[in-house]
Amino acid sequence: MSRPTTRSSSDFAGALNLDRLGRNLRECLNVVHELREQGIGIKTLKDPIPIDTTDDSPMAELAVALLALFAHMERVFMRERAAHAREATAATGKLPGRPRKLDPNQLAAAQAALDTGQTADQIAAAFGVSRATLYRNLTENKPADQQ
């Protein structure tokens with residue numbers, strides 16, 4: 001079954017917020033422009049200013065531009081806040097990301113157990129981790145001269 005190639009005046013695309021249409025200001029405005037050229041309007045559901053691009057008035061165009069700009073600025077601020085949080089975490093000496101399953105003392109004990117001949121499965125079970133996690137942690141924490 002093929003799609004119809006003609007558009008009616010009631011064709012529109014819905015979006016929760018205008019910022020969901022693109023990753024930045026330019027992309028949002030380009031999507032709105034391209035859809036408008038194809039005769040497709042955009043209606044947003046949750047923006048503070050109701051957007052309906054089927055309206056050709058200058059105020060409607062201004063509303064679209066402003067909301068796209070606000071969405072872009074919010075993304076910029078979000079990236080800045082995330083970067084600041086990473087810097088603050090690094091300043092306290094904590095590692096970013098998920099906490100390690102095994103601390104350095106446990107890794108040393110696991111390496112000693114491996115050296116005495118215990119199997120990796122036994123050691124992993126004793127520490128409550130998988131064999132793959134054990135090997136990954138041991139490999140990541142080896143000194144450079146032993147790798």
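Side chains included, hydrogens not; waters and symmetry mates left out as well; all remaining heavy atoms used. None of these values were measured; they are calculated from a predicted model.
Listed here is the closest heavy atom pair of Ala120 and Leu134: O-CD2, 3.7 Å. Shown here for Leu25 and Ala65, the closest heavy-atom pair between the two residues is CD1-O, 4.3 Å. Taking both residues in full, the closest heavy atoms of Gly22 and Cys28 are given as N-SG, 3.6 Å, listed atom of the first, atom of the second, then distance. Across all their heavy atoms, Asn137 and Arg100 have their closest contact at OD1-CD, 4.0 Å.
Listed by chain and residue number, nothing satisfies the side chain to side chain donor-acceptor pair (under 3.5 Å) test with Glu34 (two or more places apart in sequence, or in another chain). Evaluation of the salt bridge (Lys or Arg N to Asp or Glu O under 4.0 Å) rule for Arg81 yields Glu74 as partners, not counting sequence neighbours. Qualifying side chain to side chain contact (heavy atoms under 4.5 Å, CB included) partners for Glu80, counting only residues two or more places apart in sequence or in other chains: Val76, Phe77.
At a threshold of 4.5 Å between side-chain heavy atoms, the hydrophobic network of Ile, Leu, Val, Met, Phe, Trp and Tyr places Val129 and Tyr135 in two separate groups. Under the 4.5 Å side-chain heavy-atom criterion for grouping Ile, Leu, Val, Met, Phe, Trp and Tyr, Ile42 is connected to Leu62 within one hydrophobic cluster. Linking ILVMFWY residues whenever their side-chain heavy atoms come closer than 4.5 Å, directly or via other members, places Met73 and Leu21 in the same cluster. Residues Met59 and Leu67 share a single hydrophobic cluster, defined by chaining ILVMFWY side chains whose heavy atoms lie under 4.5 Å apart.
A distance of 8.0 Å separates CD1 of Ile123 from CG of Leu138, quoted to the nearest 0.5 Å. One finds the CD atom of Gln38 at 10.5 Å from the NE2 atom of His33 (value rounded to the nearest 0.5 Å). Between the OG1 atom of Thr119 and the CZ atom of Arg131 there is a distance of 9.0 Å, given to the nearest 0.5 Å.
In this structure, a donor-acceptor pair under 3.5 Å is absent between the side chains of Arg136 and Thr139.
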Are Val32 and Val64 close enough, and set up right, to give a side chain to side chain contact (heavy atoms under 4.5 Å, CB included), and what steps lead you there?
CA-CA 9 Å; Val32 169; Val64 168; 4.2 Å; yes
Carefully, step by step, assess Arg36 and Ile40 under the rule side chain to side chain contact (heavy atoms under 4.5 Å, CB included).
CA-CA 5 Å; Arg36 182 180 274 169; Ile40 301 171; over 6 Å; no
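Without hydrogens or angle criteria, Thr89 side chain to Ala85 main chain gives a donor-acceptor distance under 3.5 Å. At least one donor-acceptor pair under 3.5 Å links the side chain of Asp103 to the backbone N or O of Gln106. Not a single donor-acceptor pair under 3.5 Å links the side chain of Gln111 to the backbone N or O of Ala108.
Side-chain contact between Gln118 and Leu114: absent, with no pair of heavy atoms (C-beta onward) separated by less than 4.5 Å.
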